[in-house]
Amino acid sequence: MDDEAIIDERLERALGRAWSDDRGWELLTRLTELPHRMGGSPGERRAAEIVREELTDAGLEDVEFQEFSMQYWERGSTEFAVLGSETTTGGSGGSGTDSDPQRDSPESGSTGVDRSFEAIALPYAPAGDVEGPLVDVGYGTPSELEDVDLQGAIAVASTTTPSGQRFVHRMEKFGHAVAAGAKAFVFANHVPGQLPPTGALKFDSEAAVPGVGVSAETHDWLTEYAERGARGRLRVDASTQDGSSQNVHGTLGPDTDEEVLVVAHYDAHDITEGALDNGCGISTVAAATSVLSAIEDDLDCRVRIAGVGCEEIGLLGAEAMADELDLESIHAVLNVDGAGRFRNLTAYSHGSEPIAELAEAVTDAAGQPVVNESDPHPFSDHWPFLRAGVPALQLHSEPPEGAERGRGWGHTSADTRDKVDPRNLREHAMLTALLVRELTRTDVPRVETSELREQLREQEYEPGMRAAEVWPDRWE
């Protein structure tokens, strides 16, 4: 039997074993059993230890921690109330608690309503007590924000974006609202189920004004109260202090100067199990590592696999890795953020046509077609590498019926293990391994940063990235 046949046989065996491998599900279970995995917390540190154990068991060599400093944000209590909106005679209003909003009917002839709603502080929100008029800014797109007066107001924005437009990130909406004079920011879920969403307001530093998340049901009331001319009041108790986090990484394959980097973040927000975001991603990578370790002889360059911390609060782990590694030696980066969640694999090629062609060829050969998204974006762990010219592929996934825009259950308390199908973890792990294998064997050109900058400008990302303070200084 020739060498090529032996390698093919090893690959077939590895993929065959992957069909019944519960490694990904076991890691997901261990991670979601933790109280939470908020960046910089003891829970995140314990998650890193679990990831190291699982990656080592999967065959990764010399697995180590990389410590890095960060700003640790910790939530306290949050109160949110609507004050004095006008109401019709015999209308309804009232007051309630954060955990069980209720309302009473005012007496006939009442001219106002005071009412409390459940809300949760958004990471890096400062402590504060703010009162101002409620202003509905719709989806929070730049054009909508230009049409309203936010000076001294509390801006209320939806978590989603209109179809046919590029997705506008939470940090963009917040940044533009603050620049327009808002004293506070309310981020309202578009997914029903009494699920206030979370998500960082800034990267690794305290924000300028408080921000909170509220449910879709609360949003329905707030849009009406804003139209009535109501005022809102926010009280946020939170703290930001010096802290530390860690990445977990090791290598497999031949000892070469060049390497393919595979990253997946293992942290999650403190209000949720973080099963979909991104327990699925790091679990997919762990299962893919087992396949790759069985076919090391078939890899043409070294593969570095990393579980990175603090993605949710600023891509901080990925930034720390980019600072430590020689970026010129990184052949390509594969970011597994969103794979394993749902049936249909989506490949973000971030403006690289060769990367898109590679992803399509590999998945077609496996009988698993992939949806290609070619436009680049800066809001995941590939970004510190992509902006330096490293070709990037991000693996995501969507439900069979097509995705509603936004995170769905992600960043809410509903992001729990029961939403995950173990079959998706297995299949996406196999595809991840096949993609990594091909990336080590294919010459992929570097990304021209000038072209990347223009692509982002064409998508109208620049104003939002500047508002979020993530537009690279050297692109000025």
Side-chain angles (χ1 to χ4, degrees), residues 75 78-83 85 93 96-101 103 113 115-125 130-145 147-148 150 153-163 165 167-178 180 182-201 207 209-236 269 271-272 277 404-415 464 467-468:
R75 76 174 64 250
T78 300
E79 299 177 11
F80 176 49
V82 173
L83 309 174
S85 72
T97 65
D98 281 352
S99 60
D100 185 22
R103 58 191 175 90
V113 57
R115 183 175 183 187
S116 296
F117 288 97
E118 179 185 9
I120 59 173
L122 302 180
Y124 289 130
V130 177
E131 183 178 329
L134 290 174
V135 176
D136 176 19
V137 299
Y139 298 101
T141 60
S143 60
E144 289 172 302
L145 288 167
D147 292 338
V148 296
L150 284 178
I154 297 175
V156 181
S158 171
T159 55
T160 193
T161 304
S163 60
Q165 298 184 27
F167 190 78
V168 181
H169 193 271
R170 168 192 65 257
M171 290 177 60
E172 296 182 57
K173 300 179 183 186
F174 174 75
H176 285 307
V178 172
K183 294 170 63 176
F185 179 73
V186 177
F187 198 44
N189 206 345
H190 68 285
V191 178
Q194 291 290 1
L195 298 170
T198 189
L201 295 173
V209 304
V212 301
V214 300
S215 69
E217 292 78 7
T218 294
H219 187 213
D220 182 68
W221 280 109
L222 295 185
T223 55
E224 180 175 330
Y225 287 144
E227 188 175 342
R228 293 187 196 177
R231 296 176 66 81
R233 184 173 185 179
L234 277 176
R235 292 178 179 172
V236 172
H269 283 286
I271 66 165
T272 178
D277 188 9
E404 182 178 16
R405 302 202 83 186
R407 287 187 171 84
W409 288 308
H411 287 201
T412 76
S413 59
D415 182 1

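By the 4.5 Å heavy-atom criterion applied to side chains, Pro196 and Glu118 are counted as neighbours. When side chains are defined from C-beta on, His269 does not count as touching Asp415, because their heavy atoms never get closer than 4.5 Å. Residues Trp409 and Leu195 have side chains in contact (heavy-atom distance under 4.5 Å, counting atoms from C-beta outward). Contact check for Leu234 versus Val212: side-chain heavy atoms found under the 4.5 Å cut-off. Within the 4.5 Å cutoff, the side chain of Val214 has heavy atoms near those of the Leu222 side chain.
The structure places CZ of Arg170 at 10.0 Å from NZ of Lys173, a figure rounded to the nearest 0.5 Å. Atoms OG1 and CZ, on Thr141 and Phe167 in that order, are 12.0 Å from each other to the nearest 0.5 Å. With rounding to the nearest 0.5 Å, the separation of OG1 in Thr198 from CG in Asn189 is 11.0 Å. Note that OG1 of Thr218 and CZ of Phe80 are 8.0 Å apart. Values are rounded to the nearest 0.5 Å. Here Thr161 contributes atom OG1 and His169 contributes atom NE2; the two are 10.5 Å apart, rounded to the nearest 0.5 Å. For the atom pair CZ (Arg231) and CD1 (Ile154), the distance works out to 8.0 Å, reported to the nearest 0.5 Å.
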### Message
Before you tell me yes or no, could you show the steps for Thr272 and His411 under side-chain contact (heavy atoms from CB on, under 4.5 Å), namely the whole-Å CA-CA distance, both residues' side-chain angles and the distance that decides it to 0.1 Å?
### Response
CA-CA 7 Å; Thr272 178; His411 287 201; over 6 Å; no
#### Entry: Stepwise side-chain contact (heavy atoms from CB on, under 4.5 Å) test for His190 and Thr159
CA-CA 6 Å; His190 68 285; Thr159 55; 2.6 Å; yes
### Task
Could you please spell out the steps behind the side-chain contact (heavy atoms from CB on, under 4.5 Å) verdict for Trp221 and Arg115?
CA-CA 10 Å; Trp221 280 109; Arg115 183 175 183 187; 3.1 Å; yes
#### Entry: Asp136 vs Glu227, side-chain contact (heavy atoms from CB on, under 4.5 Å): CA-CA, chis, key distance, verdict
CA-CA 8 Å; Asp136 176 19; Glu227 188 175 342; over 6 Å; no
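The aromatic rings of Phe174 and Phe185 sit perpendicular to each other, their planes meeting at more than 60°, with 30° as the lower class boundary.
Of all the heavy atoms in Leu134 and Gly232, the pair that sits closest is CG-N, 3.9 Å. Of all heavy-atom pairs spanning Tyr139 and Thr160, the tightest one is CD2-O, 3.4 Å. When all heavy atoms of Ala157 and Gly140 are compared, the pair lying nearest together is CB-CA, 4.2 Å. When all heavy atoms are compared, the tightest approach of Ala155 to Val137 is CB-CG1, 4.3 Å. Residues Leu122 and Pro197 share a closest heavy-atom pair of CD2-O, 3.5 Å. Contact detail for Val209 and Lys183: the closest heavy-atom pair is CB-O, 3.2 Å.
At least one donor-acceptor pair under 3.5 Å links the side chain of Glu217 to the backbone N or O of Gly193. Of the possible donor and acceptor atoms, none in the side chain of Arg233 sits under 3.5 Å from a partner among the backbone N and O of Leu83.
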